[in-house]
A.B. asks: 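Mind looking over this structure? Questions follow.
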Number of protein chains: 2
Amino acid sequence: MEQELTIQQVAEATSLSVHTLRYYERCNLIAPIGRSPSGHRRYSSNDIRWIEFLTKLRLTGMPIRQMQQYALLVRQAPDTSFHERRQMLEAHRESVAQQIQQLQDNLAVIDWKIQHYAELEAKSHELFQSAAGQSAASESAVNQSAAS
Amino acid sequence: MEQELTIQQVAEATSLSVHTLRYYERCNLIAPIGRSPSGHRRYSSNDIRWIEFLTKLRLTGMPIRQMQQYALLVRQAPDTSFHERRQMLEAHRESVAQQIQQLQDNLAVIDWKIQHYAELEAKSHELFQSAAGQSAASESAVNQSAAS
DNA sequence: TTAAAAGTTAGAGCGCACTCTAAGTCAAGC
DNA sequence: GCTTGACTTAGAGTGCGCTCTAACTTTTAA
(Lines give C-alpha, C1' and ligand atoms only; values in the text may rest on other atoms or scores of the structure.)
Protein backbone atom coordinates (compact mmCIF):
# COMPACT_ATOMS: atom_id res chain seq x y z
CA MET A 1 0.00 0.00 0.00
CA GLU A 2 2.75 2.43 0.86
CA GLN A 3 4.28 3.08 -2.53
CA GLU A 4 6.67 5.71 -1.25
CA LEU A 5 6.91 7.85 -4.34
CA THR A 6 9.75 10.27 -5.10
CA ILE A 7 9.08 13.96 -5.52
CA GLN A 8 9.43 13.63 -9.28
CA GLN A 9 6.82 10.92 -9.44
CA VAL A 10 4.46 12.97 -7.34
CA ALA A 11 5.04 15.96 -9.57
CA GLU A 12 3.96 13.89 -12.55
CA ALA A 13 1.01 12.40 -10.69
CA THR A 14 -0.32 15.74 -9.46
CA SER A 15 0.72 18.04 -12.33
CA LEU A 16 2.54 20.24 -9.87
CA SER A 17 6.23 21.02 -10.30
CA VAL A 18 8.79 19.67 -7.83
CA HIS A 19 9.43 23.30 -6.95
CA THR A 20 5.78 23.80 -6.10
CA LEU A 21 5.65 20.63 -4.03
CA ARG A 22 8.57 21.81 -1.92
CA TYR A 23 7.06 25.28 -1.75
CA TYR A 24 3.76 23.87 -0.47
CA GLU A 25 5.59 21.93 2.18
CA ARG A 26 7.67 24.93 3.15
CA CYS A 27 4.60 27.04 3.74
CA ASN A 28 2.86 24.28 5.67
CA LEU A 29 0.19 23.37 3.20
CA ILE A 30 1.68 19.90 3.36
CA ALA A 31 2.97 18.49 6.63
CA PRO A 32 6.62 17.41 6.65
CA ILE A 33 6.94 14.53 4.22
CA GLY A 34 8.66 11.29 5.25
CA ARG A 35 12.28 10.89 4.20
CA SER A 36 14.44 8.10 2.90
CA PRO A 37 17.55 7.33 5.02
CA SER A 38 19.46 9.75 2.80
CA GLY A 39 17.01 12.59 3.38
CA HIS A 40 15.07 12.41 0.10
CA ARG A 41 11.32 12.86 0.29
CA ARG A 42 9.14 9.76 0.08
CA TYR A 43 5.46 10.45 -0.46
CA SER A 44 2.77 8.09 0.76
CA SER A 45 -0.55 7.54 -1.00
CA ASN A 46 -2.17 9.56 1.78
CA ASP A 47 0.15 12.45 1.04
CA ILE A 48 -0.88 12.28 -2.59
CA ARG A 49 -4.58 12.31 -1.79
CA TRP A 50 -4.05 15.33 0.41
CA ILE A 51 -2.13 17.11 -2.34
CA GLU A 52 -4.88 16.28 -4.80
CA PHE A 53 -7.46 17.81 -2.52
CA LEU A 54 -5.27 20.88 -2.05
CA THR A 55 -5.17 21.37 -5.80
CA LYS A 56 -8.96 21.26 -5.93
CA LEU A 57 -8.99 24.12 -3.47
CA ARG A 58 -6.32 26.00 -5.44
CA LEU A 59 -8.01 25.48 -8.77
CA THR A 60 -11.18 26.95 -7.35
CA GLY A 61 -9.18 30.00 -6.36
CA MET A 62 -8.77 29.51 -2.64
CA PRO A 63 -5.84 31.71 -1.51
CA ILE A 64 -2.79 30.03 0.01
CA ARG A 65 -3.52 31.81 3.29
CA GLN A 66 -6.89 30.12 3.63
CA MET A 67 -5.48 26.77 2.63
CA GLN A 68 -2.85 27.18 5.36
CA GLN A 69 -5.59 27.79 7.89
CA TYR A 70 -7.47 24.74 6.69
CA ALA A 71 -4.34 22.58 6.73
CA LEU A 72 -3.61 23.74 10.26
CA LEU A 73 -7.04 22.61 11.43
CA VAL A 74 -6.55 19.23 9.82
CA ARG A 75 -3.21 18.77 11.48
CA GLN A 76 -3.83 20.28 14.88
CA ALA A 77 -7.36 19.06 15.46
CA PRO A 78 -8.01 16.22 13.03
CA ASP A 79 -10.91 14.81 15.01
CA THR A 80 -12.45 17.88 16.56
CA SER A 81 -12.47 20.53 13.84
CA PHE A 82 -14.99 19.03 11.42
CA HIS A 83 -17.37 21.88 12.05
CA GLU A 84 -14.81 24.62 11.46
CA ARG A 85 -13.47 22.90 8.37
CA ARG A 86 -16.94 22.43 7.01
CA GLN A 87 -17.67 26.10 7.57
CA MET A 88 -14.53 27.08 5.70
CA LEU A 89 -15.44 24.86 2.78
CA GLU A 90 -19.00 26.10 2.73
CA ALA A 91 -17.88 29.71 2.70
CA HIS A 92 -15.53 28.85 -0.12
CA ARG A 93 -18.24 27.02 -2.02
CA GLU A 94 -20.39 30.10 -1.82
CA SER A 95 -17.62 32.31 -3.19
CA VAL A 96 -16.92 29.89 -6.03
CA ALA A 97 -20.61 29.79 -6.90
CA GLN A 98 -20.59 33.58 -7.11
CA GLN A 99 -17.45 33.48 -9.18
CA ILE A 100 -19.11 31.09 -11.65
CA GLN A 101 -22.19 33.27 -11.79
CA GLN A 102 -20.09 36.33 -12.55
CA LEU A 103 -18.19 34.48 -15.24
CA GLN A 104 -21.44 33.44 -16.85
CA ASP A 105 -22.87 36.94 -16.69
CA ASN A 106 -19.83 38.50 -18.26
CA LEU A 107 -19.61 35.74 -20.81
CA ALA A 108 -23.12 36.60 -21.90
CA VAL A 109 -22.00 40.12 -22.79
CA ILE A 110 -19.06 38.73 -24.72
CA ASP A 111 -21.36 36.32 -26.54
CA TRP A 112 -23.57 39.19 -27.46
CA LYS A 113 -20.55 41.00 -28.87
CA ILE A 114 -19.48 37.96 -30.87
CA GLN A 115 -22.93 37.81 -32.39
CA HIS A 116 -22.75 41.49 -33.18
CA TYR A 117 -19.38 41.05 -34.92
CA ALA A 118 -20.75 38.17 -36.94
CA GLU A 119 -23.45 40.50 -38.23
CA LEU A 120 -21.03 43.32 -39.00
CA GLU A 121 -18.79 40.86 -40.76
CA ALA A 122 -21.66 39.67 -42.90
CA LYS A 123 -22.61 43.27 -43.65
CA SER A 124 -19.08 44.16 -44.70
CA HIS A 125 -19.13 41.22 -47.09
CA GLU A 126 -22.34 42.59 -48.58
CA LEU A 127 -20.74 45.98 -49.01
CA PHE A 128 -17.78 44.35 -50.65
CA GLN A 129 -20.12 42.48 -52.97
CA SER A 130 -21.92 45.65 -53.98
CA ALA A 131 -18.51 47.25 -54.56
CA ALA A 132 -19.42 50.31 -52.50
CA GLY A 133 -16.29 51.68 -50.83
CA GLN A 134 -17.90 54.01 -48.28
CA SER A 135 -16.29 53.57 -44.88
CA ALA A 136 -18.43 51.99 -42.21
CA ALA A 137 -19.91 54.28 -39.61
CA SER A 138 -20.07 52.09 -36.55
CA GLU A 139 -17.17 51.53 -34.17
CA SER A 140 -15.15 54.32 -35.71
CA ALA A 141 -14.85 56.37 -32.55
CA VAL A 142 -11.44 56.09 -30.93
CA ASN A 143 -12.76 54.08 -28.00
CA GLN A 144 -15.55 52.26 -29.74
CA SER A 145 -18.74 51.66 -27.89
CA ALA A 146 -19.62 48.28 -26.49
CA ALA A 147 -23.17 48.99 -27.51
CA SER A 148 -22.37 49.65 -31.14
CA MET B 1 -25.02 63.50 -24.70
CA GLU B 2 -21.35 64.17 -23.97
CA GLN B 3 -21.32 64.25 -20.20
CA GLU B 4 -17.55 64.64 -19.96
CA LEU B 5 -16.98 62.92 -16.66
CA THR B 6 -13.94 63.40 -14.43
CA ILE B 7 -11.68 60.49 -13.59
CA GLN B 8 -13.18 60.26 -10.13
CA GLN B 9 -16.68 59.99 -11.48
CA VAL B 10 -15.60 57.30 -13.91
CA ALA B 11 -13.89 55.44 -11.10
CA GLU B 12 -17.17 55.37 -9.21
CA ALA B 13 -19.16 54.43 -12.29
CA THR B 14 -16.90 51.54 -13.27
CA SER B 15 -15.71 50.37 -9.84
CA LEU B 16 -12.13 50.79 -10.97
CA SER B 17 -9.73 53.00 -9.03
CA VAL B 18 -8.43 56.23 -10.53
CA HIS B 19 -5.02 54.57 -10.41
CA THR B 20 -6.28 51.67 -12.48
CA LEU B 21 -7.94 53.98 -14.98
CA ARG B 22 -4.66 55.81 -15.57
CA TYR B 23 -2.82 52.51 -15.66
CA TYR B 24 -5.17 51.15 -18.33
CA GLU B 25 -4.65 54.25 -20.41
CA ARG B 26 -0.88 54.08 -19.94
CA CYS B 27 -0.74 50.55 -21.25
CA ASN B 28 -3.00 51.35 -24.17
CA LEU B 29 -6.07 49.46 -23.12
CA ILE B 30 -7.80 52.80 -23.33
CA ALA B 31 -6.93 55.28 -26.07
CA PRO B 32 -5.76 58.71 -24.89
CA ILE B 33 -8.68 60.33 -23.11
CA GLY B 34 -9.77 63.86 -24.00
CA ARG B 35 -8.54 66.64 -21.76
CA SER B 36 -9.94 69.80 -20.28
CA PRO B 37 -8.02 73.00 -21.14
CA SER B 38 -5.99 72.50 -17.95
CA GLY B 39 -5.01 68.94 -18.86
CA HIS B 40 -7.47 67.04 -16.68
CA ARG B 41 -9.08 63.94 -18.22
CA ARG B 42 -12.65 64.22 -19.45
CA TYR B 43 -14.31 60.91 -20.22
CA SER B 44 -17.07 60.62 -22.83
CA SER B 45 -19.93 58.12 -22.58
CA ASN B 46 -18.23 56.15 -25.33
CA ASP B 47 -15.09 55.92 -23.22
CA ILE B 48 -17.16 54.58 -20.38
CA ARG B 49 -18.84 51.93 -22.50
CA TRP B 50 -15.43 50.83 -23.72
CA ILE B 51 -14.12 50.62 -20.15
CA GLU B 52 -17.16 48.63 -19.14
CA PHE B 53 -16.52 46.16 -21.90
CA LEU B 54 -12.87 45.95 -20.91
CA THR B 55 -13.88 45.02 -17.39
CA LYS B 56 -16.04 42.20 -18.74
CA LEU B 57 -12.97 40.83 -20.43
CA ARG B 58 -10.88 41.29 -17.28
CA LEU B 59 -13.45 39.72 -15.01
CA THR B 60 -13.52 36.67 -17.22
CA GLY B 61 -9.76 36.44 -16.79
CA MET B 62 -8.50 37.75 -20.11
CA PRO B 63 -4.85 38.76 -19.59
CA ILE B 64 -3.89 42.40 -20.12
CA ARG B 65 -1.70 41.33 -23.06
CA GLN B 66 -4.65 39.95 -24.96
CA MET B 67 -6.77 42.93 -24.13
CA GLN B 68 -4.03 45.15 -25.52
CA GLN B 69 -4.08 43.18 -28.75
CA TYR B 70 -7.84 43.47 -28.93
CA ALA B 71 -7.76 47.20 -28.20
CA LEU B 72 -5.15 47.67 -30.90
CA LEU B 73 -7.39 46.01 -33.48
CA VAL B 74 -10.29 48.21 -32.46
CA ARG B 75 -8.20 51.34 -32.79
CA GLN B 76 -6.12 50.54 -35.83
CA ALA B 77 -8.70 48.75 -37.93
CA PRO B 78 -12.11 49.61 -36.48
CA ASP B 79 -13.97 48.68 -39.67
CA THR B 80 -11.88 45.86 -41.07
CA SER B 81 -10.95 43.68 -38.11
CA PHE B 82 -14.35 42.26 -37.16
CA HIS B 83 -13.24 38.80 -38.11
CA GLU B 84 -10.04 38.89 -36.08
CA ARG B 85 -11.78 40.42 -33.11
CA ARG B 86 -14.51 37.84 -33.28
CA GLN B 87 -11.94 35.08 -33.37
CA MET B 88 -10.23 36.49 -30.29
CA LEU B 89 -13.50 36.66 -28.41
CA GLU B 90 -14.50 33.18 -29.50
CA ALA B 91 -11.19 31.73 -28.35
CA HIS B 92 -11.66 33.54 -25.07
CA ARG B 93 -15.22 32.29 -24.72
CA GLU B 94 -13.97 28.77 -25.16
CA SER B 95 -11.34 29.20 -22.45
CA VAL B 96 -13.86 30.73 -20.05
CA ALA B 97 -16.25 27.84 -20.69
CA GLN B 98 -13.48 25.43 -19.78
CA GLN B 99 -12.66 27.48 -16.73
CA ILE B 100 -16.28 27.27 -15.58
CA GLN B 101 -16.35 23.54 -16.23
CA GLN B 102 -13.19 23.07 -14.16
CA LEU B 103 -14.61 25.16 -11.33
CA GLN B 104 -17.74 23.06 -11.31
CA ASP B 105 -15.81 19.79 -11.34
CA ASN B 106 -13.60 20.83 -8.47
CA LEU B 107 -16.54 22.26 -6.60
CA ALA B 108 -18.19 18.86 -6.80
CA VAL B 109 -15.27 17.33 -4.91
CA ILE B 110 -15.46 20.07 -2.30
CA ASP B 111 -19.21 19.52 -1.97
CA TRP B 112 -18.58 15.86 -1.45
CA LYS B 113 -16.14 16.73 1.31
CA ILE B 114 -18.60 19.08 2.97
CA GLN B 115 -21.14 16.29 3.00
CA HIS B 116 -18.57 13.97 4.47
CA TYR B 117 -17.76 16.42 7.24
CA ALA B 118 -21.42 16.83 8.01
CA GLU B 119 -21.60 13.08 8.60
CA LEU B 120 -18.47 13.00 10.73
CA GLU B 121 -19.78 15.91 12.72
CA ALA B 122 -23.03 14.08 13.37
CA LYS B 123 -21.10 10.96 14.33
CA SER B 124 -18.89 12.84 16.78
CA HIS B 125 -22.02 14.22 18.42
CA GLU B 126 -23.27 10.67 18.80
CA LEU B 127 -19.98 9.63 20.36
CA PHE B 128 -20.21 12.56 22.70
CA GLN B 129 -23.75 11.58 23.61
CA SER B 130 -22.72 8.02 24.40
CA ALA B 131 -19.86 9.43 26.46
CA ALA B 132 -17.28 7.18 24.76
CA GLY B 133 -13.94 8.95 24.68
CA GLN B 134 -12.13 6.77 22.15
CA SER B 135 -10.31 8.93 19.63
CA ALA B 136 -11.69 8.86 16.12
CA ALA B 137 -9.84 6.75 13.59
CA SER B 138 -10.41 8.66 10.39
CA GLU B 139 -8.40 11.68 9.30
CA SER B 140 -5.82 11.11 11.98
CA ALA B 141 -2.90 10.62 9.59
CA VAL B 142 -0.65 13.65 9.41
CA ASN B 143 -1.77 14.50 5.91
CA GLN B 144 -5.29 13.21 6.07
CA SER B 145 -6.75 11.53 3.06
CA ALA B 146 -9.29 13.23 0.85
CA ALA B 147 -11.04 9.90 0.65
CA SER B 148 -11.48 9.57 4.37
C1' DT C 1 -7.38 85.03 -0.86
C1' DT C 2 -6.44 80.99 0.64
C1' DA C 3 -6.86 76.22 2.20
C1' DA C 4 -8.32 71.79 0.87
C1' DA C 5 -9.48 68.65 -2.53
C1' DA C 6 -8.66 66.74 -6.84
C1' DG C 7 -5.96 66.54 -10.83
C1' DT C 8 -1.21 65.51 -13.36
C1' DT C 9 3.32 62.59 -14.28
C1' DA C 10 7.13 59.26 -13.86
C1' DG C 11 8.43 55.81 -11.49
C1' DA C 12 8.73 52.82 -7.31
C1' DG C 13 6.49 49.23 -4.52
C1' DC C 14 3.45 45.38 -3.41
C1' DG C 15 1.11 40.85 -2.85
C1' DC C 16 0.49 36.67 -4.77
C1' DA C 17 1.94 32.25 -6.28
C1' DC C 18 5.11 30.39 -7.88
C1' DT C 19 9.88 29.47 -10.21
C1' DC C 20 14.54 29.33 -10.39
C1' DT C 21 19.57 29.39 -8.80
C1' DA C 22 23.62 28.03 -6.35
C1' DA C 23 26.07 25.00 -3.93
C1' DG C 24 26.18 20.93 -2.38
C1' DT C 25 24.73 15.54 -1.45
C1' DC C 26 23.05 11.09 -3.07
C1' DA C 27 21.91 7.15 -6.34
C1' DA C 28 22.24 4.24 -10.50
C1' DG C 29 24.51 2.55 -14.59
C1' DC C 30 28.89 1.75 -17.09
C1' DG D 1 35.53 4.47 -9.44
C1' DC D 2 33.15 7.83 -12.08
C1' DT D 3 29.82 10.21 -14.44
C1' DT D 4 25.09 11.58 -14.92
C1' DG D 5 21.01 12.83 -13.13
C1' DA D 6 17.98 13.41 -9.22
C1' DC D 7 17.82 15.10 -4.78
C1' DT D 8 18.60 18.71 -0.80
C1' DT D 9 18.47 23.72 1.20
C1' DA D 10 18.16 28.80 1.65
C1' DG D 11 17.20 32.39 -0.63
C1' DA D 12 16.72 35.27 -4.85
C1' DG D 13 13.97 36.33 -8.97
C1' DT D 14 9.72 36.59 -11.94
C1' DG D 15 5.30 37.98 -13.95
C1' DC D 16 1.02 39.76 -13.24
C1' DG D 17 -2.05 43.37 -12.16
C1' DC D 18 -2.41 46.66 -9.89
C1' DT D 19 -1.39 50.38 -6.14
C1' DC D 20 1.00 53.92 -4.20
C1' DT D 21 4.37 57.95 -3.73
C1' DA D 22 6.42 62.34 -4.62
C1' DA D 23 6.34 66.54 -6.48
C1' DC D 24 3.70 69.52 -8.67
C1' DT D 25 -0.66 72.13 -10.81
C1' DT D 26 -5.57 73.17 -10.98
C1' DT D 27 -10.17 73.60 -9.13
C1' DT D 28 -13.43 74.61 -5.67
C1' DA D 29 -15.58 76.29 -1.61
C1' DA D 30 -15.23 79.34 2.45
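Each chain gets a letter, A, B and so on, in the order its sequence line appears, and its residues count up from 1. In this text, all values refer to a predicted model and were calculated from it rather than measured experimentally.
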A.B. asks: Looking at residues at least two apart in the chain, or sitting in another chain, which of them share a side chain to side chain donor-acceptor pair (under 3.5 Å) with B:Gln102?
C.D. replies: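 Once residues adjacent in sequence are excluded, B:Gln102 has no partner under the side chain to side chain donor-acceptor pair (under 3.5 Å) criterion.
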A.B. asks: Below 3.5 Å, can you tabulate the donor-acceptor pairs from side chains in residues 22-30 of chain B to any protein atom, sequence neighbours excluded?
C.D. replies:
| unit_1 | atom_1 | unit_2 | atom_2 | d |
| --- | --- | --- | --- | --- |
| B:Glu25 | OE1 | B:Arg41 | NE | 2.7 |
| B:Glu25 | OE2 | B:Ile33 | N | 3.1 |

A.B. asks: Apply side chain to side chain donor-acceptor pair (under 3.5 Å) to A:Gln99 and list each qualifying residue two or more places apart in sequence or on a separate chain.
C.D. replies: none
A.B. asks: Within residues 91-100 of chain B, find the residues that approach DNA chain C with a heavy atom at under 4.0 Å, and present them sorted by residue number.
C.D. replies: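 Nucleic-acid contacts, sorted: none.
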A.B. asks: Reading nucleotides 9-14 of chain C from the 5' end, what letters show protein touch, with B for base, S for backbone sugar-phosphate only, - for no heavy atom under 4.0 Å?
C.D. replies: B-B---
A.B. asks: With sequence neighbours excluded, what pairs up with B:Asp111 under the side-chain contact (heavy atoms from CB on, under 4.5 Å) test?
C.D. replies: A:Arg93, B:Leu107, B:Ile114
A.B. asks: Just to verify, what does B:Gln115 make a side-chain contact (heavy atoms from CB on, under 4.5 Å) with, not counting sequence neighbours?
C.D. replies: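 In terms of side-chain contact (heavy atoms from CB on, under 4.5 Å), with neighbours along the sequence ignored, B:Gln115 is linked to B:Glu119.
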A.B. asks: What's the closest nucleotide to the side chain of A:Arg58 if the choices are D:dC7, D:dT19, C:dC18?
C.D. replies: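 That would be C:dC18.
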A.B. asks: Of the options C:dT19, C:dC16, C:dG7, whose atoms approach the side-chain atoms of B:Gln8 most closely?
C.D. replies: C:dG7
A.B. asks: With B:Ser95, which residues qualify under side-chain contact (heavy atoms from CB on, under 4.5 Å), at least two apart?
C.D. replies: B:His92
A.B. asks: B:Tyr23 OH to C:dT8 P: how many Å, rounded?
C.D. replies: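 After rounding, the reported distance stands at 18 Å.
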A.B. asks: Please determine if a side-chain N or O atom of A:Tyr24 lies less than 4.0 Å away from the OP1 or OP2 oxygen of C:dC18.
C.D. replies: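 Answer is yes, contact under 4.0 Å.
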A.B. asks: Once each nucleotide of nucleotides 25-30 of chain C is scored for protein heavy atoms under 4.0 Å, what B/S/- sequence comes out, 5' to 3'?
C.D. replies: -SS---
A.B. asks: How would DNA chain C look in dot-bracket form, 5' to 3', counting Watson-Crick and G-U wobble pairs with both distances under 3.5 Å and writing | for bases paired to another strand?
C.D. replies: ||||||||||||||||||||||||||||||
A.B. asks: How about A:Arg65: does its CZ atom have over 12 heavy atoms from other parts shown lying under 6.0 Å from it?
C.D. replies: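 Atom CZ in A:Arg65 is not packed in, count stays at 12 or less.
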A.B. asks: So do A:Leu89 and A:Leu57 actually touch side chain to side chain, heavy atoms under 4.5 Å?
C.D. replies: yes
A.B. asks: Answer yes or no: does atom CD of B:Glu84 have more than 12 heavy-atom neighbours from other residues, nucleotides or ligands under 6.0 Å?
C.D. replies: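 No, not enclosed.
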A.B. asks: The criterion is side chain to side chain donor-acceptor pair (under 3.5 Å); which residues satisfy it with B:Thr55, sequence neighbours excluded?
C.D. replies: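 Side chain to side chain donor-acceptor pair (under 3.5 Å) check on B:Thr55 returns nothing, list empty.
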A.B. asks: Who pairs with B:Ala77 by side-chain contact (heavy atoms from CB on, under 4.5 Å), at least two apart in sequence or on another chain?
C.D. replies: B:Thr80, B:Ser81
A.B. asks: Output the single nucleotide from D:dT8, D:dG17, C:dT19 whose closest atom is nearest the side chain of B:Ile64.
C.D. replies: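 Minimum distance to the B:Ile64 side chain belongs to D:dG17.
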